[in-house]
Structures are given as C-alpha cells and as structure tokens.
Amino acid sequence: MEYNHREIESRWQNYWRENKVYHAEIDKNRKKFYVLDMFPYPSGAGLHVGHPLGYIASDIYSRYKRLQGFNVLHPMGYDAYGLPAEQYAIQTGQHPEVTTMQNIARYRSQLDKIGFCYDWDREIKTCDPEYYKWTQWAFIKMFNSYYDKDADKAMPISKLIKHFEEKGTEGINAASTKEFEFTAERWKGMSAKEKSDTLMNYRIAYLGNTMVNWCPKLGTVLANDEVSEGVSIRGGYPVEQKLMYQWCLRVSAYAGRLLDSLERLDWTDSLKETQRNWIGRSEGAEMIFKVDNSDLELEIFTTRADTIFGVTFMVLAPESAYVEKITTPERREEVNAYLDSIKHKTERERMIDKKVSGVFTGAYAINPVTGKKIPVWVSDYVLAGYGTGAIMAVPAHDSRDYAFARHFDLPIIPLIEGADVSEESFDAKSGKMINSSNGRLDLNGKEVKEAIAETKRFIEAEGIGKVKTNYRLRDAIFSRQRYWGEPFPVYYKEGIPEMLDESLLPLKLPQIDRYLPTESGEPPLGRAENWVSPEGYPLELCTMPGFAGSSAYYLRYMDPRNNEALVSHEANDYWRSVDLYIGGTEHATGHLIYSRFWNKFLYDLGEVCEDEPFKKLVNQGMIQGRSNFVYRIKDTNTFVSRGLIDQYDVTPIHVDVNIVSNDILDTEAFKNWRPEYKTAEFILEDGKYVCGYAVEKMSKSMFNVVNPDDIVERYGADTLRLYEMFLGPLEQSKPWDTNGIDGVNRFIKKLWGLFYKGDTLHVDDSEPTKENLKSLHKLIKKVTGDIETFSYNTSIAAFMICVNELASQKCRSREVLAELLVVLAPFAPHVAEELWHSAIGRDTTICDAQWPAFNEDYLKEDTVNYAVSFNGKARYNISAPADAAKEDVEKMALGHELAAKWIDGKNIKKIIVVPGKIVNIVIG
RNA sequence: GCGCAUAUGGCGUAAUUGGUAGCCGCGUUAGACUUAGGAUCUAAUGUCGUAAGACGUGGGGGUUCGAGUCCCCCUAUGCGCACCA
C-alpha cells in the first residue's frame, strides 16, 4: 500500500469529528490542562502558511498532554469584530456580518485540513450576541465599580456613594481622574448631574474628557497601542490629538498590580520587559511650587528630588489648565500665539519636529526649598498626560531642560561634583552633590541616591510635597465611532448616562442602511431606527473597540453556552486559567495588558478564581515571505536567469512563488501567469531558469503568499505540520521556504515503508532487539524533553534518525513500532492513527494510547569510547567498560602505549576524566 | 538615547549546558536503477591542502587542562519603548 495522504487524512479527520474525540468535559478525576491559541481575526485573505505555526505548536502540546492522561481543553474561535470588515462594508454596502461569516467559514475549512484537535463544540465568535452579552455585562460591572487603593481592589460603587453620604470624601483613597474634596452635606446637595459627574471620576468604566488619538481618515478614536509613530496601525493613517468625551477604562488603577504580578508569570523575559516598559513605573515625588504674587500653586512630579537646588525655571505643558491662569496680561498675546502654533500640529508633526520651542508666561514661582524666584515657561516638550503636566527644570542634569535652557539662555547650575555642563547635561544618577544646601537641608557631599531619599524625607516633613509613584500606562479609551463592534449597554437619561438592566442583555447591534457616520457627524449607529432604551431614552452611539471582545474570551471557552454567567463557578474552578498560551508578540501592549486587567477586575469581583489569565506564554515567531524574482532585460520581453544578470541591463520583477520550485522557474506556467508574459522568452543556465529571492513580509503584492491548502493538497497535513516545526526554533522569526519540504515528506514515506513493504504489513510480535529499544528510547527521551521546551525542530530530527535506524535494523517489533507511533502522534497525527489502526491495535485508536515511559537502561552501553587529549588537544580514542570507575579509565589512558610516547619527558600535572566522554591529560 | 534579543558551512539549523563543533534536512557532486524524471537508492560534502596536517562558531582580549557556550570591550542585525521629568 502506498502512502496516500489525501485518503488517510480525510478518513481520520472525519473519524475525530464524528466521534467527538477531542471534546472536553469537566472530569474531576482527571487533571486538567488548558492550551490556548490567540484566536484569529478572520480576514478576507484567508490563512497563509505563517498563521498555523503557533496553532501547530499548541496542537502538538495538547495532543502530548492528552496522551499523558490530562483532560485537555483546547478550543478555538474568532475575533470577529474589526475594522477591515467595516471598511469593506462601507465600500460595497455588504453587511460586515456577511463577510465576516464567509471569512470564518473559509478559516474553518483551512484549519480543518491541518488536523487540529480543537473542541469545536466550544467555538465562540466575538460578534455573536450570546458571546458579547458578557462583554456588555463586564462593562456594566466596571461602570458600577471603583478602585479602592487601600484594599487594592475594585469595589462596588454603591460603597463609595454610601461613604459620600456619610463622610464626603474624607478617608477615601480611590483611583480617580481628579482629586476631589467635599463634605457629606455638599454631596447631598448635589444635583443628579453633579453626582453623576463626580462618580465618573471614580468609576472603572467612565466617561471622561480625555486627550484621544483621533484618526480622521478612519473616523474613530484609537487606543495607544493601536497607534504607532503618529499613524494608525491599521491603515497607516495620520492620528491627531483631540479632546473628546469618551468612555474609558481605568486600567491605570491596576498598573501596580499588572506590574507586580508579572514576576509570577512564566513568560519570556523580553515580553515581560516590554510590558514593564509600557506600564512604566517611576518612583519620585510630587512637589508644590507657589506662584509669586498669587494664591496659585503649581504641582510638579520629579524622580530627581535631589536636584531641587538646581531648578532654574519651570515648564508647563501647553494643555495645562495653569497656563491660562498664570499668564500675565503683557505676555498673553505671545502665549496664545504659541498655543495656537502647537494646536495646529498633529502628534506626528510634534514628534518629528524636535526643535526647541516655548514661551515665557510672565509668571514666577517660588522654589519651596531655596525660596528663589524662578520663571515659568510653556513648552510642548512637557506632556500634559504624564505626571502633573508641569515640571521643575534642572538644566544641569536633564538633557531636555538643558537644550531648553541653552536655547532661551536660562541659567544652569551644576549640582554634581566634577560634572562638566558646558557642552551637555550630566544625566547620570551618580556622583557627589554640591551647591545643595539651604541650612536645613544639606545634600552636599552625599551620593545622588542618598540625596534623593533625604530630599523626599525633607519635603514630606515640611509639607511641600509627597512621595509618589507614577505610571506611564494610561487609561484605555473604550469608545469607537464605528458600527462593527459591541454596542454599549448605555442610555442617556436627561444627559446622564445610565446602564441598561442586565436582564436586557444582550443589547443587539441594530441593522443600518449605510455604514458611514451620519450627516450630522454622529457615529454610524446614529442611522439606526428606534435606537432607544425600553423607556425611550437614546442609546449610546459608539461601539466598543476590538480588544473588548478578546479580553475575556479564554474564560468563555470554559463554559461557552452558559446563559446565566460568563462562566459558571464550577467550570471556572475546574479549568481555572490558561496553562499554555501561544501567540505573537504583537499583542504585548494591547490584548495581553487588557486581558490581564479584565481578568484582575473579574477576580476582584469574585467572578473568577485566578488573578492572572495566562500562566505560561510562548511567542511563536513571524513567518516572513520568501519572494522570487525574474529579471527582465530592459525594454524587451526576454528574461534572463539569475546567474547571467551581470551581462545585461535588467529589472527584477516579483514572480509568483507558486510557479517556482527550488528557485527554478516553471517557464510554461510563467507564460500563462499573465497575458503580457505570453510571449516571454528566456535566457537559461544549464537549461534552467534560476530565480532570485529576497525575504520580505508575506503579502499578496509580493506574490510570495503560500497557502497551506496547497501544501496540504500536495504533501499532506502531516508533512505541513512537521515541516513548519522543522523550519527552526518556534520563537524565532524566519522566512517560509518551501524548498526543503521534500525532506520531511520523504521521512513520512520512510516511516510508512517501515510498516508496509508493498501491500504487506511487516509488523509482528517478535521480541525487540537491544538496538531497537535503544533507538526507540533515545527518541522517547529526546522528544519528551523537547516538547516541554518547545524545541520541536530537534524532535523532528530525532524522528528521522530513529526511523532510519529502525529501518536499517529491519525492526518489525509491534511493541517498538507502537511506541514510535505514540510519540509521533502529536506531530503527525493522521499517519500515526492510520498505522496504529492497521498495524497495532485494530479496535483502538492512538488517542487511547499512553505516552511511553523512558527507560534509561536501554541507552546504556557495554563499552564507552573516551577521547584522550593532552592539554585539550585530542589525540586518540580508547574504549572502556561502561561501568569503569574514573580511576580505571585514567589508568587505561596512562597505560596506553601511545600515552607513554606522548607524555615522554613531560610532567603529568593532572588527569581529568569526564564520564563517558573525555580523558584530558594535563602536561607541562 | 534607553532596554531586550541574536550572530555557527552555499542555505535552514544542531551541540547532552564548560568536554572530539557542524546532528537532521535542503542544496551540490559522483554513482546505481530506470518507464530518462522536479522519482527512488548509495556515497561524498566546513575551509585550505594531493597528503600529513593546519585553520575554523561576527571582531578583539581574558578565565580554564579545555570556550560556540563563562567574563570584558567592540561591530552588525532585529525587536520594544522613546521629549515619561
């Protein structure tokens, strides 16, 4: 029987599906293991060969764990809301749901062909009302919560209201947008609107006036992680800063916990570092500077409290509310002109333009430590959104302040002994302080770190400041002026936002006729008819962003059809959290932060039992494209082979990689590829047309997209799976190169040949030989170790060696071959099932098998070869009994006649014996 | 600018974690078979050299009997953050 991948793979895929082999249910007698892939956004282009890389890796792990007896949860679903489907809808009028469902069907058929062990009964789609009901539900919970900093967790907003009623803000330590102070009487006297506005400062999901990333081209706001270098990540359109009234999530309240619990996660250091950078903790102090001749006080944040004696001016962010308040009448005109010039710049322009700019407000502040009068400036190098939007400038020890001081000719006072500030600032946090004493606070002679601590103590004692930790992490902007997303369960009653009753969820996305904003500039939902609450109040017109649906999907898989809860306590108690999560690093500062936040929030509420969602995370590398080129001689239709291009004036042209094999062009296929090449002529080398190549992003425009379906059709899913893993280390990015796939395909055929000679099975119950067992157990040891460390590429090599060895040993032993198949099953499940079924256990499938135990005894040798070397230089080999003691090996080496010759006339200093490897004789 | 990775044959990579560098695969070369091929099988394949041998893990230094692996200094590439006070 020949190896026929089409027949084998469809047979077993059908079998698995019909028998629900991979369906998981809670089973308290077995240990659970939860393996998750980052679910895909179903794009119109379908899967290319890079997408399944991580899925194959997780599939191997899942199958391995299952063979080890774990109850494995391995689900899949779709992140179905997103901009591309909506952009397509705007262009074509096609409802995004229609295109999304088509794309999902295509993805599903592509995934099915690869033979994954997903439990499809648990499939979820984020655009399914039964799913997004729980996204809306979580939002309501966030609206009804605030973050209590003392308890360090989210609490019901009702508790805060009760406190306000009894004591006002006294004793409240809560995460808030602004700091408030009022009495219980004041609270009781507030109007409903005032109360609502006040509570918005505390709610975890809140409406706030925030500076947002507004993308005019996309017509929506974007979160920080959706913007890079001033342009939108999707589409690459310019993004500008705009103050808007938006729904936000108070992610910043969780910054400390998000940072601290990173320690406990089994993620790569680089990913944790990326998150640490993004969260950006900095410990410093807030200090108050009084404005001269005024009651106003400016609050600044600094990490270098020690440099207080070197403050020669202050700078406010252009957006700071203080600018308006402190600017003197004489300076008003100039300040306004400056603010205008800033406003007209986009974020991108502000970033590109690194020229120093700024304007003096005319006001002075008093340094609280020295009592000196210092000028207050405005400049766009100070950010409104970080710290207090105001800084104390220490030009001697901060490069930005230095550049500013130089430009505007402001004084520079060095504070560190030996620091030369004539050319540049001295930013390092080291050295001994000078010029830093006012009598009560004396930092002179102290090290910087000590001086920082000392100054902090001083300002707290004097009441001129306090120790403060700041985070770079901002609250997530949660509104999108878009159609294709989850509707907010929010209506506005006389302008006051209210949550819909939970019993009304899901609030379904309404049908609309067009997907563009309304004429009056409202979001697309403004077109929906009767978009009102049951009481007739208008509903929110924005929808939620992409990350809303992906933030808790891993919880929903645990209990996907539950109508009463996101996840039942029973299911959550059993499946707990994701044991292994595989996905790309591109989600490091988006999804992986939001999910952790969302999970911690639900944890605070007691809805879930684990504080972190993803215990172990593995980042698969990106598969890049490998483009091929043909070289056309200028102004002709003649193409010249790569080796000969030096002799002609040629233009390289991308050619479809699917008509190129091992860099050899199929010239006939090329002629038929496009009409203009119908008459193409070729100048060949050795009768072949050799193409050039380059590594580029895999994309349609480079003609380097390889579809997994084509590979599966030609070589089979097992070959695709093995080859993807064989390509190199999982975490590493690498180009897809179909050259080389024959190697793994040949391996499968050899494996097949181990069982079948022609049509007869060559498997019997003969006793395994010592060699058989050694080959097998070498494999078991290697693969078991590799799977745990995701070194799948070296496992494939081990399979090849093992099969070659067993073939040359003419192994027929059912016992040996059975274990070989079990070990292979996670990697190449179809062929393993087929051979198992026909050669090993006719009434069973390989899913019933047990992962074989490794036995060290089989690997033991009778004799062991030692390399004898002198001063590290290898000279000859000796062989010794495997159980020989070090001393005996030493003696053997010495007694060797060659040894005698080599060490002749030299002193032996020592002899180092590495068991089973090396005898090194140190002479001198 | 700050931080994190990575660097090994013509190519993708491996190295029991300090112990004979180059496993496995691709490619290449030669041969066998042959229905003449983009099939299969066998062998060779780091570089220089007829050989003995010498050299060889981005470059330079160091530790060690012994370094791809550890330490120091460079260089290059990739990624992340970036007026974050």
Side-chain angles (χ1 to χ4, degrees), chain A residues 228-229 268-278 280-282 284 300-304 307 315 317 350-351 353-354 356 379-383 385-394 397-401 403-404 427 470-474 585-586 588-589 621-622 626 661-664 666 688 693 722-723 726-729 731-735 737-747 749 753 781-782 785 791 793-801 804 865-877 908-924:
Chain A
S228 179
E229 297 190 6
T268 62
D269 288 338
S270 71
L271 191 79
K272 287 199 227 176
E273 196 57 32
T274 300
Q275 288 215 340
R276 280 188 205 110
N277 278 341
W278 189 257
R281 189 205 308 257
S282 62
I300 59 95
F301 174 76
T302 181
T303 53
R304 292 294 301 273
T307 60
V315 188
R350 257 169 88 165
M351 251 157 43
D353 184 15
K354 300 229 166 174
V356 176
S379 173
D380 66 351
Y381 85 87
V382 175
L383 302 177
Y386 184 75
T388 59
I391 60 152
M392 61 179 215
V394 187
H397 302 291
D398 181 286
S399 55
R400 296 151 302 181
D401 296 346
F404 195 81
D427 291 15
N470 260 335
Y471 295 94
R472 211 187 65 99
L473 184 72
R474 312 288 169 83
T585 32
E586 66 271 21
T589 55
M622 279 246 267
R626 186 180 187 280
S661 172
N662 285 349
D663 289 342
I664 310 294
D666 180 338
K688 291 169 185 167
Y693 71 89
L722 287 173
Y723 190 55
F726 187 64
L727 227 40
E731 285 97 334
Q732 196 172 298
S733 286
K734 56 231 157 188
D737 183 359
T738 310
N739 301 343
I741 197 167
D742 291 326
V744 286
N745 191 234
R746 225 167 265 152
F747 156 73
K749 287 181 187 160
K781 183 182 185 183
K782 179 83 181 125
S791 313
N793 53 328
T794 59
S795 289
I796 314 287
F799 280 119
M800 290 175 175
I801 294 168
N804 276 340
N865 283 324
Y866 286 80
V868 180
S869 56
F870 295 86
N871 284 358
K873 286 204 184 277
R875 290 302 171 192
Y876 56 87
N877 292 328
I908 296 175
K909 285 188 172 166
K910 61 178 164 177
I911 300 176
I912 296 143
V913 178
V914 179
K917 281 168 191 164
I918 273 175
V919 182
N920 192 12
I921 301 172
V922 184
I923 51 183

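These figures come from a predicted structure and were not determined experimentally. Numbered from 1 within each chain, the chains take letters A, B, ... in sequence-line order.
- Across the C1' atoms, B:A44 and B:G9 are found 15 Å apart, a figure rounded to whole Å.
- As rounded to whole Å, 13 Å separates atom C1' of B:U42 from atom CG of A:Asn804.
- Look at the C1' atom in both B:A43 and B:G78: the space between them is 40 Å, to the nearest Å.
- The separation between A:Asp666 atom CG and B:G38 atom P is 11 Å, rounded to whole Å.
- Residues A:Ile912 and A:Val919 are not in side-chain contact: their nearest non-hydrogen atoms beyond the backbone lie 4.5 Å or more apart.
- Picking from B:G80, B:C26, B:C83 the nucleotide with the shortest atom distance to the side chain of A:Asn277 gives B:G80.
- Closest to the A:Asp380 side chain, of the nucleotides B:A14, B:C83, B:A85, is B:C83.
- Proximity of a side-chain donor or acceptor of A:Asn793 to a complementary backbone N or O of A:Leu727 within less than 3.5 Å is not detected.
- The side chain of A:Lys917 has B:G19 as its nearest neighbour among B:G19, B:C24, B:C83.
- Between the CZ atom of A:Arg472 and the P atom of B:G80 there is a distance of 13 Å, rounded to whole Å.
- Distance CG (A:Asp398) to C1' (B:C2): 14 Å, rounded to an integer number of Å.
- Base orientation for B:U28: anti, the chi torsion being more than 90° from 0.
- Residue A:Arg746 has its side chain nearest to B:C26 when only B:C26, B:G3, B:U20 are considered.
- Separation of the C1' atoms belonging to B:A32 and B:A39 is 14 Å when rounded to the nearest angstrom.
- In this structure B:G68 sits in no base pair that meets the Watson-Crick or G-U test at under 3.5 Å.
- For B:C79, the paired base is B:G3 (Watson-Crick or G-U wobble, both distances below 3.5 Å).
- As judged by a 4.0 angstrom heavy-atom cut-off over every strand, A:Ser661 is placed among the base-contacting residues.
- Under the Watson-Crick or G-U wobble criterion, with both distances below 3.5 Å, B:U8 is left unpaired in every strand shown.
- Nearest to the side-chain atoms of A:Leu383 among the listed nucleotides B:C83, B:G3, B:C81 stands B:C83.
- For A:Ala867, whose side chain is taken as the heavy atoms from C-beta onward, the closest listed nucleotide among B:A15, B:U20, B:C24 is B:U20.
- To the nearest whole angstrom, the two P atoms, one in B:C83 and one in B:G68, are 43 Å apart.
- Contact annotation for A:Ile912: base contact, defined as any heavy-atom pair under 4.0 Å involving a base atom.
- Put simply, the side chain of A:Gln275 never gets that close to the backbone of A:Thr589: no donor and acceptor are under 3.5 Å apart.
- Taking atom P in both B:G60 and B:A67, the straight-line distance is 15 Å, to the nearest Å.
- Each of A:Ser733 and A:Asn865 has a nearest nucleotide on RNA chain B; the 5'-most of these lies closest to A:Ser733.
- Comparing B:G56 with B:C48, their P atoms are spaced 15 Å from each other, to the whole Å.
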A:Asp737/A:Tyr693 under side chain to side chain donor-acceptor pair (under 3.5 Å): CA gap, chis, key distance, verdict: CA-CA 10 Å; A:Asp737 183 359; A:Tyr693 71 89; over 6 Å; no
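- Using a 4.0 Å cut-off, no side-chain N or O of A:Asn793 falls inside it from OP1 or OP2 of B:C24.
- Using a 4.0 Å heavy-atom criterion, one finds that A:Ile391 contacts the bases of the nucleic acid, with or without backbone contacts as well.
- A:Ser282 has a side-chain polar atom (N or O) that falls below the 4.0 Å cut-off from OP1 or OP2 of B:A85.
- Remark: B:A85 base-pairs with no nucleotide; criterion is Watson-Crick or G-U wobble with both hydrogen-bond distances under 3.5 Å.
- Heavy-atom neighbours of A:Phe404 CZ from other residues, nucleotides or ligands within 6.0 Å: above the threshold of 12.
- Among the atoms of the strands shown, base atoms are found under 4.0 Å from some heavy atom of A:Arg474.
- Each of A:Trp278 and A:Thr302 was matched to the nucleotide of RNA chain B holding its nearest heavy atom; the match closer to the 5' end belongs to A:Trp278.
- The partner of B:A30, taking Watson-Crick or G-U wobble pairs whose two distances both stay under 3.5 Å, is B:U42.
- Within 4.0 Å (heavy atoms only), A:Arg276 reaches no atom of the nucleic acid at all.
- Distance CD (A:Gln732) to P (B:U77): 18 Å, rounded to an integer number of Å.
- Nucleotide B:A21 has no partner under the Watson-Crick or G-U criteria, as no pair reaches both atom distances under 3.5 Å.
- Side-chain contact annotation: A:Ser282 with A:Asn470, donor-acceptor N/O pair under 3.5 Å absent.
- Dashed line: the shortest gap from a side-chain N or O of A:Tyr381 to OP1 or OP2 of B:A85 is not under 4.0 Å.
- Taking atom P on both nucleotides, B:C24 is separated from B:G38 by 27 Å, rounded to a whole Å.
- Rounded to a whole Å, the CG atom of A:Leu271 is 21 Å from the P atom of B:G78.
- Annotation: B:C4 and B:C55 have their P atoms spaced 37 Å apart (nearest Å).
- A salt bridge is defined here as a Lys NZ or Arg NE, NH1 or NH2 lying under 4.0 Å from an Asp or Glu carboxylate O, and A:Asp663 with A:Arg626 meets this definition.
- Residue contacts shown for A:Pro729 are limited to sugar-phosphate atoms, with no base heavy atom under 4.0 Å away.
- Note: A:Ile921 CD1 to A:Lys910 NZ = 13.5 Å, rounded to the nearest 0.5 Å.
- Following rounding to the nearest Å, A:Phe870 (CZ) and B:G66 (P) show an atom-to-atom distance of 15 Å.
- For B:G56, the glycosidic angle deviates from 0 by more than 90°, giving an anti base.
- With a 4.5 Å cut-off on side-chain heavy atoms, A:Tyr866 and A:Ile918 do not count as touching.
- In this entry the distance linking NZ of A:Lys734 with P of B:U6 reads 15 Å, nearest Å.
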